[in-house]
K.L.:
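Handing you this structure, nothing more for now.
Quick caveat: nothing in here was measured; it's all calculated off a predicted structure.
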Amino acid sequence: MNTDAKSIIENGKAILGIEFGSTRIKAVLIDPENRPIAQGSHTWENQLVDGLWTYSIEAIWYGLQDCYADLRRNVKEQYDIEIETLAAIGVSAMMHGYMAFNKQQEILVPFRTWRNTNTAKAAAELSDLFVFNIPLRWSISHLYQAILDNEEHVKDIDYLTTLAGYIHWLITGERVLGIGDASGMLPIDPQTKNYSAAMIEKFDNLVADRGYQWKLADILPRVLPAGKNAGFLTPEGAKRLDVSGHLKAGIPVCPPEGDAGTGMVATNAVKPRTGNVSAGTSSFSMIVLEKDLSRPYEVIDIVTTPDGNPVAMVHCNNCTSDLNAWVNLFKEYQELMGMPVDMNQVYEKLYNHALKGAADCGGLLSYNYFSGEPVTGMAEGRPMFVRSANDKFTLANFMRANLYAAVGVLKIGNDILFNDEHIKVDKITGHGGLFKTKGVGQRILAAALNSPISVMETAGEGGPWGMAILGSYLVNNTANLSLPEFLDEKVFAGNQGTEIAPTPEDVAGFNAYIKKYNRCLPIEAAAVKYN
């Protein structure tokens with residue numbers, strides 16, 4: 001038993017980070033040195049209701065309570081104590097989406113998550129109006145689409161927020177949102193670190209003839225950067241979180257954030273010229289900018305770090321699902337041959353063998369589109385492997401082509417940043433399932449982005465750990481450090497991770513692959529059309 005951790009929990013010095021992911025709700029308890037000392041989780045799934053992806057209010061609160069109860073069990077088993085109080089709490093969740101409430105605090109329509117794509121008309125019109133790329137999943141797109149669709153509930157809106165903002169509101173009574181999550185509701189002005197006043201005015205003028213009793217600024221959460229006090233756990237909030245009744249009210253709660261922001265914190269990628277890539281079922285890159293882009297791009301979202309710096313985000317719907325499906329095929333073959341199967345070994349052997357393939361994959365191509373891919377203009381997806389009779393069809397080339405496909409769309413989006421906008425980056429950190437086999441995913445991504453890629457041991461702790469660190473930044477930043485300074489000095493001191501730089505041969509090979517990939521996209525489009 002870790003007696004230090006036990007006394008930290010007993011003395012109320014531990015910090016709790018909770019993150020609502022799309023398939024799991026996770027809680028991490030950290031000590032004042034930002035090390036994890038306990039965790040809990042709850043598995044959940046979204047539902048398709050009336051054509052829209054949602055999680056019910058009941059599922060949200062049951063999930064939170066079950067996750068916290070799992071954390072309590074973990075603490076009880078490890079340390080034989082109860083959690084009575086904490087130094088701080090932070091809540092994060094999948095970004096964007098739409099949660100609208102009336103004056104009685106009742107939700108007006110089921111929570112509309114980031115997965116919904118019914119907002120295309122609204123997003124396109126707002127992008128033109130604001131001269132700023134407004135993605136389909138942003139809250140303002142959902143609100144305007146509801147207006148365009150003449151939805152009855154819009155006139156009754158008293159408060160509009162995200163999932164993280166909703167949880168925070170009900171446990172503290174405060175209508176606030178961390179600046180990173182807020183940047184997925186409505187664009188942030190980098191000078192004021194608040195919603196763009198010009199865009200608010202344009203929106204209000206756009207809907208003025210509708211006769212709503214509200215103005216946009218009145219229904220949005222107040223924007224807070226990391227480190228600002230965002231309220232305290234209320235007695236009702238304590239009961240909502242811990243149904244056993246042990247947890248006491250009065251705990252400071254930091255500004256609620258989105259999962260992109262907590263990923264930046266967990267990989268120490270919050271200062272300009274740093275970035276991170278999350279590569280799992282889907283993938284996204286976050287590059288912290290030194291200057292504004294020259295113009296809006298439909299495939300690049302501009303959000304912010306938790307302390308308000310602008311970030312260029314490239315989001316891809318597909319990453320490792322098709323790759324995993326092929327690996328499972330080899331697992332079936334191994335079972336068929338009567339050989340014992342160790343999946344870690346299967347991945348390790350196949351991934352490392354891929355590095356023996358030709359840098360351009362011998363001409364082989366893979367499209368990993370389980371779902372549509374907005375970056376390449378595909379509304380739907382069909383997984384597809386393509387080769388000609390003259391291509392070099394070897395196992396190494398085959399696996400390499402599938403690894404390239406996992407980050408191919410990410411490369412297309414980032415090529416705009418690096419080649420067209422000449423963005424400079426000193427360090428990019430990778431995290432997620434693609435990097436589990438040591439060195440391989442790193443080398444592939446380094447070739448794709450033509451940039452050194454680092455992987456840290458701590459990156460595996462993920463979003464809830466990043467959220468707990470933001471809680472720590474609220475209460476343990478006695479030296480009044482900036483967020484980048486706090487992460488460098490108090491969290492990641494001495495942990496720079498393992499870095500792999502791209503080789504000229506790999507970069508040239510990936511460029512040749514992506515040139516052919518772009519040229520052959522009509523094959524994927526035809527598969528969607530006819531199959």
Side-chain angles (χ1 to χ4, degrees), residues 95-98 114 116-145 147-148 162 179-207 216 220 223 258 260-261 264 272-273 275-277 282-305 308-317 372-379 409-425 449 518:
M95 290 174 74
H96 324 304
Y98 182 80
W114 63 273
N116 291 298
T117 55
N118 62 308
T119 56
K121 187 174 187 332
E125 288 187 19
L126 291 175
S127 295
D128 288 343
L129 178 71
F130 295 157
V131 197
F132 192 101
N133 179 42
I134 303 296
L136 273 63
R137 61 188 182 276
W138 281 18
S139 306
I140 195 70
S141 297
H142 284 280
L143 174 62
Y144 188 48
Q145 191 64 51
I147 291 169
L148 291 177
T162 65
I179 191 167
D181 204 7
S183 69
M185 293 196 78
L186 184 76
I188 296 290
D189 182 329
Q191 261 59 57
T192 64
K193 307 279 184 178
N194 205 340
Y195 303 115
S196 165
M199 293 184 199
I200 285 178
E201 186 180 355
K202 283 181 179 179
F203 186 87
D204 284 339
N205 291 338
L206 179 67
V207 302
L216 186 57
L220 293 174
V223 179
M264 286 186 260
R273 296 175 68 113
N276 80 86
V277 169
S282 62
S283 69
F284 58 83
S285 62
M286 314 285 292
I287 307 295
V288 188
L289 301 173
E290 291 181 287
K291 59 185 176 66
D292 290 342
L293 301 185
S294 63
R295 65 180 182 84
Y297 294 90
E298 199 176 332
V299 300
I300 297 171
D301 307 344
I302 301 298
V303 291
T304 80
T305 61
N309 280 319
V311 176
M313 179 182 192
V314 176
H315 184 276
C316 310
N317 286 353
E373 194 54 84
V375 174
T376 50
M378 298 293 163
V409 179
L410 201 65
K411 174 179 172 58
I412 291 166
N414 277 279
D415 277 353
I416 294 170
L417 293 175
F418 299 137
N419 300 341
D420 301 353
E421 290 286 336
H422 308 293
I423 297 300
K424 297 284 183 278
V425 181
L449 301 187
N518 280 323

K.L.:
Quick one: does any side-chain atom of Ser139 pair with a main-chain N or O of Tyr98 as donor and acceptor, under 3.5 Å?
P.N.:
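Not a single qualifying donor-acceptor pair exists.
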K.L.:
Could you go step by step and tell me if Leu289 and Ile423 meet the side chain to side chain contact (heavy atoms under 4.5 Å, CB included) rule?
P.N.:
CA-CA 7 Å; Leu289 301 173; Ile423 297 300; 3.9 Å; yes
K.L.:
For the pair Met264 and Asn276, evaluate side chain to side chain contact (heavy atoms under 4.5 Å, CB included) and give the outcome as yes or no after the intermediate values.
P.N.:
CA-CA 7 Å; Met264 286 186 260; Asn276 80 86; 3.4 Å; yes
K.L.:
Measuring from atom NE2 of His96 to atom CG of Leu136, what distance do you get when rounded to the nearest 0.5 angstrom?
P.N.:
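Here the rounded value is 11.0 Å.
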K.L.:
Applying salt bridge (charged side-chain N to carboxylate O under 4.0 Å, His left out), can you list everything that pairs with Glu201, at least two apart in sequence or on another chain?
P.N.:
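Partners of Glu201 by the salt bridge (charged side-chain N to carboxylate O under 4.0 Å, His left out) criterion come out as none, since no residue qualifies.
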K.L.:
Measure the CG-CG distance between Asp415 and Asp420 for me, rounded to the nearest 0.5 Å.
P.N.:
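Rounded to the nearest 0.5 Å, the CG-CG separation comes out at 8.0 Å.
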K.L.:
Taking all atoms of both residues into account, what is the closest heavy-atom pair of Pro296 and Asn133, and its distance?
P.N.:
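Where Pro296 meets Asn133 most closely, the heavy atoms are CB-N, 3.8 Å.
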K.L.:
Please report the C-alpha distance between Met199 and Ile140 in whole Å, then the side-chain angles of each, then the deciding distance to 0.1 Å, and finally whether the side chain to side chain contact (heavy atoms under 4.5 Å, CB included) criterion is met.
P.N.:
CA-CA 11 Å; Met199 293 184 199; Ile140 195 70; over 6 Å; no
K.L.:
Can you give me the closest heavy-atom contact between Ala260 and Met95, atom names plus distance?
P.N.:
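Ala260 and Met95 have their closest heavy atoms at CB-SD, 3.4 Å.
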K.L.:
How would you list, by chain and number, every residue that makes a side-chain hydrogen bond (donor to acceptor under 3.5 Å, both in side chains) with Thr305, sequence neighbours excluded?
P.N.:
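Thr305: side-chain hydrogen bond (donor to acceptor under 3.5 Å, both in side chains) contacts with Asp307.
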K.L.:
With a 3.5 Å cut-off and no angle check, do the side chains of Glu421 and Tyr297 form a donor-acceptor pair?
P.N.:
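Yes, a side-chain donor-acceptor pair sits under 3.5 Å.
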K.L.:
Taking all atoms of both residues into account, what is the closest heavy-atom pair of Ala312 and Ile300, and its distance?
P.N.:
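Smallest interatomic distance, heavy atoms only, reads CB-CG2, 3.8 Å.
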K.L.:
State whether the side chain of Thr119 and the backbone N or O of Ser141 hold a donor-acceptor pair below 3.5 Å, judged by distance alone.
P.N.:
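No, Thr119 side chain to Ser141 backbone: no donor-acceptor pair under 3.5 Å.
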K.L.:
Using the test side chain to side chain contact (heavy atoms under 4.5 Å, CB included), find all partners of Asn317 that sit at least two apart in sequence or belong to another chain.
P.N.:
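His315, Ser371, Glu373, Pro374.
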K.L.:
Supply the atom-to-atom distance Ile200 CD1 to Lys202 NZ, rounded to the nearest 0.5 angstrom.
P.N.:
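Answer rounded to 0.5 Å: 12.5 Å.
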K.L.:
Do side-chain atoms of Asp204 reach the backbone of Leu216 as a donor and acceptor pair under 3.5 angstrom?
P.N.:
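At least one qualifying donor-acceptor pair exists.
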K.L.:
Restricting to non-hydrogen atoms, name the atom on Gly275 and the atom on Val425 that form the minimum distance, rounded to 0.1 Å.
P.N.:
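Distance-wise, the nearest heavy atoms are N-CG1, 4.4 Å.
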K.L.:
Can you list, pair by pair, the side-chain donor-acceptor contacts under 3.5 Å of residues 121-132, counting residues two or more places apart and other chains?
P.N.:
residue : atom : partner : partner atom : Å
Lys121  : NZ   : Glu125  : OE2          : 2.4
Glu125  : OE1  : Tyr144  : OH           : 3.0
Ser127  : OG   : Ala123  : O            : 2.8
Ser127  : OG   : Ile134  : N            : 2.9

K.L.:
Hey, could you give me the CD1/CG distance between Ile412 and Asn414, rounded to the nearest 0.5 Å?
P.N.:
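So the gap between those two atoms works out to 10.5 Å.
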K.L.:
Which atoms form the tightest heavy-atom contact between Gly258 and Asp181, and what is the distance?
P.N.:
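Gly258 and Asp181 have their closest heavy atoms at N-CB, 3.5 Å.
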K.L.:
Which is it for Phe203 and Ile147 under the side chain to side chain contact (heavy atoms under 4.5 Å, CB included) test, yes or no, and what are the steps along the way?
P.N.:
CA-CA 12 Å; Phe203 186 87; Ile147 291 169; 3.9 Å; yes
K.L.:
Considering non-hydrogen atoms only, spot the tightest contact between His142 and Asn116 and give its length.
P.N.:
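Of all heavy-atom pairs spanning His142 and Asn116, the closest is CE1-CB, 4.0 Å.
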K.L.:
How many angstroms lie between CE in Met313 and CG in Leu417, if you round to the nearest 0.5 Å?
P.N.:
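It comes to 12.5 Å.
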K.L.:
Kindly indicate whether the side chain of Met286, heavy atoms from C-beta on, has any atom under 4.5 Å from the side chain of Val303.
P.N.:
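Yes, their side chains come closer than 4.5 Å.
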K.L.:
Return all side-chain donor-acceptor pairs below 3.5 angstrom for residues 184-191, not counting sequence neighbours, or 'none' if the list is empty.
P.N.:
residue : atom : partner : partner atom : Å
Asp189  : OD1  : Gln191  : N            : 2.7

K.L.:
Taking only residues two or more places apart in sequence or in another chain, which ones pass side-chain hydrogen bond (donor to acceptor under 3.5 Å, both in side chains) with Asn194?
P.N.:
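Partners of Asn194 by the side-chain hydrogen bond (donor to acceptor under 3.5 Å, both in side chains) criterion come out as none, since no residue qualifies.
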